[in-house]
Enquirer: 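Below you'll find the structure I mean.
All of these numbers come straight from a predicted model, not from anything done at the bench. A note on names: the letters A, B, ... follow the listed sequences, proteins ahead of strands, and every chain is numbered from 1.
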Amino acid sequence: MPLEKKKIFFLVGPTGIGKSLAAIILAKKIKAEIISCDSMQVYRKMDIITSKIRPKERTKVKHHLLDIIAPKEEYNVAKYRRDALAVCEKLYLKGSLPLFVGGTGLYYSIIIDGLFPMVPEDKTIRAKLNRQLASKGPKYLYKRLGRIDQAAAKKIHPNDSRRIIRALEVYLKTGDKISVLQKNRTGLGKEYLVKVFGLHLHRRLLYERINARVDKMFRLGLVSEVRGLLKTKLSKTAESAIGIKELKGYFEGKYTLEQAKRLIQRNSRRYAKRQLTWFRKDRRIKWISINKTDLPSKVALKIWKKLS
RNA sequence: GCCGAGAUAGCUCAGUGGUAGAGCGCGGCCCUGAAAAGGCCGGCGUGGGGGGUCCGAUUCCCUCUCUCGGCA
């Protein structure tokens, strides 16, 4: 009897489409535990703003990587990968199935496809490069990158200062070209049997849903949650959650509450659009079309049917 | 019913006698240690309908329809 390949499931899709609740029902059916694949739900105290499911729901199925760090701490892909793989390992030891659920495309890809060998961020180098960016502009850094790593420069747009800085950082630290290092990555896709499901809803309906969800966030107390968060210094990752800068603008009198809400809705819609661009090109995803009125149980059933 | 203002991109509007722009919205795309971030690209729209003047009208004139404001 051939050794059966270990299985691993993913449920992805744009924000607000209803992944979380459907995932709980699905996880129960297939005896899986859920691993969040979301760059913001890792933060504690950011419950309403990230539309985290309530603790009560979480007891039905074990959830991992929610509420694992404080908002003042930085988090990133590498930490996520480390944490997620540790959970995976643990689940296998006890014979449970991992079901990744979330919409952070990069985190998803880093798990499936891997991350190139460790060149962690270097705060000193980065700060220096950022100073140069401020004084000399992105074109200067871009030219510098072109001299040391042409392949990387070709791939990165001259205005994309973050990626230019990252590429320079890698070179300054290791003497290696990021374009070369990046080729070396191994993800779970090799070792495991990976199945990816994506939820799809008509764009118009998705946007309606996102708008409605933002309305609901306000009713649930988004404003006071964010006010509380802003009392202490947030990490740069946590503060980039949609809703922080918009409400900050409101607190500072830059715009009205209504304007802040519109901005949050718009930025969420744009975020969903970017997610769709990301996932659309991934041929591994099996798309599940859902309807406006589908309840989580219906959605879960649709996925379940595609499993067998 | 009368008087006035207006009808131009999905929305709000600008402008011009030689067939049009802005902001917002929206669409497409890139993405390997900040990713809910960051970056790139995208506007031919019967210029409300009809008629007239003119070499030529979205721009001037007439008329109709509609919208808004005021007066009855």
Side-chain angles (χ1 to χ4, degrees), chain A residues 14-16 36-43 46 48-52 71 73-84 102-123 125-127 129-130 133 138-139 141-142 151-152 154-170 173-174 177-187 203-204 206-207 210-211 213-214 217 226 234-247 259 262-282:
Chain A
T15 185
S36 164
C37 186
D38 187 299
S39 64
M40 290 299 163
Q41 295 192 359
V42 292
Y43 285 109
M46 294 178 60
I48 301 170
I49 195 171
T50 65
S51 294
K52 226 178 271 164
E73 294 175 66
E74 304 287 350
Y75 201 70
N76 61 41
V77 234
K79 290 180 181 174
Y80 177 74
R81 179 172 151 86
R82 175 201 64 199
D83 296 340
T104 302
L106 181 64
Y107 285 13
Y108 154 76
S109 131
I110 252 57
I111 295 299
I112 289 203
D113 302 316
L115 184 67
F116 77 85
M118 306 166 218
V119 183
E121 75 171 306
D122 184 312
K123 298 229 177 197
I125 293 176
R126 241 181 232 201
L129 290 170
N130 270 307
L133 173 69
K139 296 279 188 293
L141 293 179
Y142 185 71
K154 205 176 160 194
K155 200 174 146 188
I156 301 171
H157 190 277
N159 287 346
D160 199 346
S161 48
R162 281 200 190 173
R163 289 198 174 75
I164 297 170
I165 286 178
R166 170 63 180 157
L168 287 171
E169 171 189 58
V170 168
K173 216 176 161 188
T174 65
K177 299 176 181 179
I178 193 172
S179 60
V180 174
L181 294 178
Q182 279 182 337
K183 289 175 185 156
N184 186 7
R185 62 193 314 204
T186 315
R203 184 76 59 96
R204 242 198 121 94
L206 176 66
Y207 283 2
I210 288 172
N211 292 340
R213 194 172 71 164
V214 172
M217 281 161 57
V226 173
L234 296 174
S235 66
K236 60 179 188 282
T237 34
E239 80 178 355
S240 68
I242 294 171
I244 299 285
K245 64 175 185 300
E246 294 86 348
L247 283 173
Q259 287 174 313
R262 303 254 156 185
L263 284 172
I264 292 172
Q265 288 173 323
R266 183 199 66 184
N267 292 337
S268 300
R269 291 194 299 268
R270 289 181 175 174
Y271 168 49
K273 182 169 139 41
R274 270 180 274 127
Q275 289 177 300
L276 290 170
T277 299
W278 181 286
F279 290 124
R280 199 154 33 198
K281 69 181 175 196
D282 193 317

Enquirer: Applying salt bridge (charged side-chain N to carboxylate O under 4.0 Å, His left out), can you list everything that pairs with A:E169, at least two apart in sequence or on another chain?
Expert: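 If we apply the salt bridge (charged side-chain N to carboxylate O under 4.0 Å, His left out) test to A:E169, skipping adjacent residues, the hits are A:R126, A:R166.
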
Enquirer: What's the CZ-C1' distance between A:R126 and B:rG33, to the nearest Å?
Expert: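 A:R126 atom CZ is separated from B:rG33 atom C1' by 7 Å.
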
Enquirer: Please examine the side chains of A:K273 and A:R203, heavy atoms only from C-beta on, and report whether any two atoms are closer than 4.5 Å.
Expert: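 The answer is yes; the side chains approach within 4.5 Å.
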
Enquirer: Between atom CZ in A:R163 and atom P in B:rC31, what is the gap in whole Å?
Expert: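 Those two atoms, CZ and P, are 8 Å apart.
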
Enquirer: Please state whether the phosphate of B:rC29, meaning OP1 or OP2, lies under 4.0 angstrom from any side-chain nitrogen or oxygen of A:T277.
Expert: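 Yes, within the criterion.
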
Enquirer: From B:rG39, B:rU32, B:rA34, pick the nucleotide closest to the side chain of A:H157?
Expert: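 Of the candidates, B:rG39 comes closest.
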
Enquirer: Specify the residue among A:A241 and A:W278 whose closest nucleotide of RNA chain B lies further upstream toward the 5′ end.
Expert: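 Nearest nucleotide further toward 5': that of A:W278.
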
Enquirer: Can you check each nucleotide of nucleotides 22-27 of chain B against protein heavy atoms at under 4.0 Å and return B for base, S for sugar-phosphate only, - for none, in 5' to 3' order?
Expert: --SSSB

Enquirer: Atom CG of A:N267 and atom C1' of B:rA35: how far apart are they, to the nearest Å?
Expert: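 Spelled out: CG on A:N267 to C1' on B:rA35 is 15 Å.
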
Enquirer: Heavy atoms, side chains only, cut-off 4.5 Å: are A:V170 and A:F116 in contact?
Expert: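 Yes. Closest side-chain heavy atoms under 4.5 Å.
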
Enquirer: Report the base-pairing partner of B:rG23 (Watson-Crick or G-U wobble, both distances below 3.5 angstrom), or none.
Expert: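 When the pairing criteria are applied, B:rC11 turns out to be the nucleotide that pairs with B:rG23.
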
Enquirer: Below the 4.0 Å mark, does B:rC40 have OP1 or OP2 next to a side-chain nitrogen or oxygen of A:N159?
Expert: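 So the side chain of A:N159 is within the cut-off, an N or O lying under 4.0 Å from OP1 or OP2 of B:rC40.
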
Enquirer: Taking only the C1' atom of each, what is the distance from B:rG21 to B:rC44 in whole angstrom?
Expert: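 To the nearest whole Å, 13 Å.
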
Enquirer: Which nucleotide in the set B:rU32, B:rA35, B:rG38 lies at the smallest distance from any side-chain heavy atom of A:L115?
Expert: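 From the listed options, B:rU32 comes nearest.
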
Enquirer: Rounding to an integer number of Å, can you tell me how far A:K155 NZ sits from B:rC31 C1'?
Expert: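 Rounding to the nearest Å, NZ of A:K155 and C1' of B:rC31 are 8 Å apart.
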
Enquirer: Provide, to the nearest angstrom, the distance between the CG atom belonging to A:D83 and the C1' atom belonging to B:rG33.
Expert: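 Distance, rounded to whole Å: 13 Å.
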
Enquirer: Start at the 5' end of RNA chain B and walk down; is the nucleotide closest to A:F116 or to A:Y271 reached first?
Expert: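 Result of the comparison: A:F116.
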
Enquirer: Of all the nucleotides listed (B:rU32, B:rG33, B:rA35), which has the minimum atom distance to the side chain of A:I110?
Expert: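 My answer, after comparing the listed nucleotides, is B:rU32.
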
Enquirer: On a whole-Å scale, what distance lies between the C1' atoms belonging to B:rU19 and B:rG23?
Expert: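 That atom pair is separated by 24 Å.
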
Enquirer: Look at the side chain of A:R274 and decide which nucleotide, out of B:rG33, B:rU32, B:rA37, has an atom nearest to it.
Expert: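 Taking heavy atoms from C-beta onward, the closest nucleotide is B:rA37.
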
